[in-house]
Amino acid sequence: MEFLNHIYLQTILLLGGFLYYPFLLFRLVFSLVKFNFSKRYICEMNNQELLKKIVSHSKEYGFVYPSSEIYDGLSAVYDYGPYGSLLKNNIKEFWWKSMVQLNDNIVGLDSAIFMHSNTWQASGHIDAFNDPLIDNRDSKKRYRADLLVEEYIEKIHSKISKEIKKAEKRYGDKFDKEEFLKTNLRVIENSKKISEISKKLNHCLINKDLVELKNLILELGINDPVSGTQNWTDVKQFNLMFSTKIGSNVDTSSLIYLRPETAQGIFLNFLNVVNSTRVKIPFGIAQIGKAFRNEIIARQFVFRMREFEQMEMQFFVEPGKEMNFFDDWKNKRMKWHKSLDLGDHLYRFHNHENLAHYANAACDIEFLFPMGFKELEGIHSRTDFDLKSHQKLSGKKINYYDQKTKSSFVPYVIETSVGLDRLFLSVLSASYQNQKLKNGTERIFLKIPFEIAPIKAAILPLNAKDNLPEKAKLLYDELKTFFNIQYDEKDSIGKRYRRQDAIGTPYCITFDYDTLKDNSVTIRNRNSMVQERVLLSSTKDYIINNVSIDNLLTQV
Ligand code: GAP
């Protein structure tokens, strides 16, 4: 009987197992897929969420506002608010001083936005400053055809990064990244895909083959992110320059363009600078100014704008020596970016295969924005293309006479060109911190490098009475001539700390009742929240030593 019972039980378990194990297996696979999917979803969402949070934080705390907002805004145009403009000015100051003050062979320039329209004929912008655009007939949305393919490539890149991260976790200290990249089949396959697609894309762009570009989009099965369809129009070229008329008389007025880069102002002034200063080759001319492009894609906040600011430097060198200077400037610029201490892993070089009409070498410094790695700065070896073209069209000789060799030549040019607004976004996106505190609350703070923070210190009397405000205002009056500071006596001290954290103020200086007795104040550090007792008489030096832009300049 026992035996029969046993057989009976076994049969039930076996039969149950047949049904139950596949069910378990199904559950397991389903959970894994769901887990993976949700991890990916959360990851992608985090990036989009982060950008959204930065956009709304920027508006709420006076960094960046959409332009003409009361008229429903103007696409891809933004205004910088009180703290945004301070931060932007500090970034500009750091760049300008790094270029013009630290290099005795670089001089500054501030050329006009309006330039003779022949400028753009000679530079090639009238004929060649085009982007390939494509429309989706269902969503009626317009895209840059090359960027659709680049985004597709970027997705494959993130697959590779995920494989690497997984393997890093699995193997810990024993992980050999180089070996892994060489041997992992999925990585090899994806890298091959990337190089094949990039090759095809470059071929289309170099040969301006718009039919092939559309075929590539179809071949890769790229869907419109809005409609989800592949109902694409043909690819067309679209010139990015804005034009307007100059002169008060309509009949005699002539067409001019808003400059799409500041560089041409430097080229047109090359001879003026050589003849009016003591510069000798190799030397550079640096300039900060507005540039305008009628961008097809008007998304991604201040990353891609129609009116933006560039910080460009053209370095003039002897022909044949340009490649050494190209490498030199690549390294110098990377070091400059990393000196901001936002995280070295956030930067990478990207060498160009598809060169612009004026370049014989080009490289981007890319930054890990919330939308992925994207161009922050371009470093280009522009040959003598621009100076020679202006020489030809203007009929004026643009030569440099070398006293040493007693010879004259048209110099070659290495250009460094960084978008101020992209730099601003890189600082903001790396600085945005949502920190969970030990008491269970959260604080949002901007970990902006102290040296470029908009407000350097806030002066906070503990109470708005008992002579604390009067004493605090004395320090405020003393410090305001040295840097931007704020005085605030409203709300609890905790709320005031949070307000300063949200705009990235490095130090809060609190006046309490002990201050009245011992002339010392509490200085709270934004990042660590650690508070230090400092003598009132040492406060100015304490802050200056930690926030001065000179600290950054010693590192570049
Ligand atoms: N003079 C060379 C030149 O203009 P570019 O790569 O077209 O080269 C240089 O632009 C930099 O200007 C870019 O690396 C980027 O930081 C910035 N930039 C270009 N277009 C921009 C836009 N629409 N909005 C914001 N920044 C832009």
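- Checked by atom type and distance alone, the side chain of Ser429 never pairs as donor or acceptor with a backbone atom of Pro370 at under 3.5 Å.
- A distance of 6.0 Å or more separates the ring centres of Phe301 and Phe303.
- Closest of all the heavy-atom pairs between Ser67 and Asp79 is CA-OD2, 3.5 Å.
- Between Leu553 and Ser98, the shortest heavy-atom distance links the atoms CD2-OG, 3.5 Å.
- Classification of Glu312 and Arg259 as a salt-bridged pair fails, no side-chain N sitting under 4.0 Å from a carboxylate O.
- Minimum heavy-atom separation, Ala263 to Glu415: CB-OE2, 3.5 Å.
- Annotation for Lys290: atom NZ counts as buried by contact number, over 12 foreign heavy atoms lying within 6.0 Å.
- Contact check for Leu552 versus Ile452: side-chain heavy atoms found under the 4.5 Å cut-off.
- Cation-pi geometry between Arg443 and Phe445 is met: under 6.0 angstrom from the ring centre, within 45 degrees of the axis.
- Between His352 and His350, the two ring planes are tilted [angle within 30° to 60°].
- For Thr416 and Trp329, the side-chain atoms include no donor-acceptor pair closer than 3.5 Å.
- Applying the side chain to side chain donor-acceptor pair (under 3.5 Å) test to Glu151 and every residue at least two apart in sequence or in another chain returns nothing.
- With a 4.5 Å cut-off on side-chain heavy atoms, Leu423 and His337 count as touching.
- Looking at heavy atoms from C-beta onward, Phe267 lies out of side-chain contact with Ser123 at the 4.5 angstrom threshold.
- In Asp110, the CG atom is not crowded: 12 or fewer heavy atoms of neighbouring residues, nucleotides or ligands sit closer than 6.0 Å.
- Residues satisfying the side chain to side chain donor-acceptor pair (under 3.5 Å) test with Tyr143, not counting sequence neighbours, are Asp224.
- A donor-acceptor pair under 3.5 Å is absent between the side-chain atoms of Lys388 and the main chain of Thr383, judged by distance alone.
- The shortest non-hydrogen separation linking His380 to Ala362 is CD2-CB, 3.7 Å.
- Distance check, rounded to the nearest 0.5 Å: CD1 of Ile246 to CD1 of Ile256 gives 4.0 Å.
- Take Arg293 and apply the salt bridge (Lys or Arg N to Asp or Glu O under 4.0 Å) test, not counting sequence neighbours, and it matches no residue.
- Formation of a donor-acceptor pair under 3.5 Å by the Thr505 side chain with backbone atoms of Asp501 is not found in this model.
- For the pair Lys456 and Phe483, the NZ or CZ position fails the cation-pi test of under 6.0 Å to the six-membered ring centre and within 45 degrees of the ring normal.
- Between the side chains of Ser198 and Glu353, no donor-acceptor pair is found at a separation under 3.5 Å.
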Item to check | Met99/Met311 under side-chain contact (heavy atoms from CB on, under 4.5 Å): CA gap, chis, key distance, verdict | outcome: CA-CA 10 Å; Met99 284 293 178; Met311 305 196 289; over 6 Å; no
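- Residues passing the side chain to side chain donor-acceptor pair (under 3.5 Å) test with Gln433: none are found, sequence neighbours excluded.
- Put simply, the side chain of Leu240 does not reach to within 4.5 Å of the side chain of Phe292, judged on heavy atoms.
- Residue pairs meeting the salt bridge (Lys or Arg N to Asp or Glu O under 4.0 Å) criterion with at least one member in residues 363-376, sequence neighbours excluded: Arg348-Glu366.
- A distance-only check finds a donor-acceptor pair linking the side chain of Asp421 to the backbone of Glu309 [under 3.5 Å].
- Remark: the backbone N or O of Gly108 is not paired with any side-chain donor or acceptor of Trp96 at under 3.5 angstrom.
- Taking 4.5 Å as the limit, every side-chain heavy atom of Tyr412 sits out of range of all side-chain heavy atoms of Phe325.
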Checklist entry - Could you walk me through whether Arg382 and Glu261 pass the salt bridge (Lys or Arg N to Asp or Glu O under 4.0 Å) check? => result CA-CA 14 Å; Arg382 286 184 84 128; Glu261 61 171 9; 3.2 Å; yes
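- Here His57 pairs with nothing under the side chain to side chain donor-acceptor pair (under 3.5 Å) rule; sequence neighbours left out.
- Once rounded to the nearest 0.5 Å, the distance linking CD1 of Ile543 with CG of Leu479 reads 7.0 Å.
- For the atom pair CG of Asp384 and OH of Tyr358, the computed distance is 14.5 Å after rounding to the nearest 0.5 Å.
- The aromatic rings of Phe283 and Phe270 sit parallel to each other, their planes meeting at less than 30°, with 60° as the upper class boundary.
- Distance check, rounded to the nearest 0.5 Å: OH of Tyr507 to CG of Asn527 gives 8.5 Å.
- Of the inter-residue distances, the one linking Asp234 atom CG with Leu133 atom CG reads 11.0 Å to the nearest 0.5 angstrom.
- Annotation: cation-pi pair Lys92/Trp95 absent, no NZ/CZ under 6.0 Å from the ring centroid and within 45° of its normal.
- Distance alone, capped at 3.5 Å, is enough to place a donor-acceptor pair between the Asn136 side chain and the Asp138 backbone.
- The shortest side-chain heavy-atom distance between Tyr257 and Ile126 falls under the 4.5 Å cut-off.
- Of all heavy-atom pairs between Thr262 and Gln310, the closest is N-OE1, 3.0 Å.
- Between the side chain of Asn351 and the backbone N or O of Ala361 there is no donor-acceptor pair closer than 3.5 Å.
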Item to check | Worked check of side-chain contact (heavy atoms from CB on, under 4.5 Å) between Ile106 and Phe315 | outcome: CA-CA 8 Å; Ile106 297 183; Phe315 201 72; 4.3 Å; yes
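- A side-chain donor-acceptor contact under 3.5 Å links Gln391 to the backbone of Ile398.
- Across every non-hydrogen atom of Leu446 and Phe63, the tightest pair is CD1-CZ, 3.6 Å.
- For the salt bridge (charged side-chain N to carboxylate O under 4.0 Å, His left out) with Asp131, the qualifying choice from Arg144, Arg142, Lys236 is Arg144, the only one to do so.
- In this structure, Lys330 is positioned above the aromatic face of Phe349, its NZ or CZ under 6.0 Å from the six-membered ring centre and within 45° of the axis.
- Between Glu451 and Asn90, the side chains place no donor N or O within less than 3.5 Å of an acceptor N or O (distance only, hydrogens not considered).
- Counting only heavy atoms from C-beta outward, the side chains of Glu69 and Lys59 approach each other to under 4.5 Å.
- Between Asp491 and Arg496, none of the side-chain N atoms (NZ, or NE/NH1/NH2) sits under 4.0 Å from a carboxylate O, so this pair counts as no salt bridge.
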Checklist entry - Phe385 and Val413: side-chain contact (heavy atoms from CB on, under 4.5 Å), yes or no, with the steps? => result CA-CA 9 Å; Phe385 173 86; Val413 174; over 6 Å; no
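- Between Ser75 and Arg306 the shortest side-chain heavy-atom distance falls below 4.5 Å.
- No donor-acceptor distance shorter than 3.5 angstrom exists from the side chain of Glu212 to the backbone of Cys204, with no hydrogens or angles considered.
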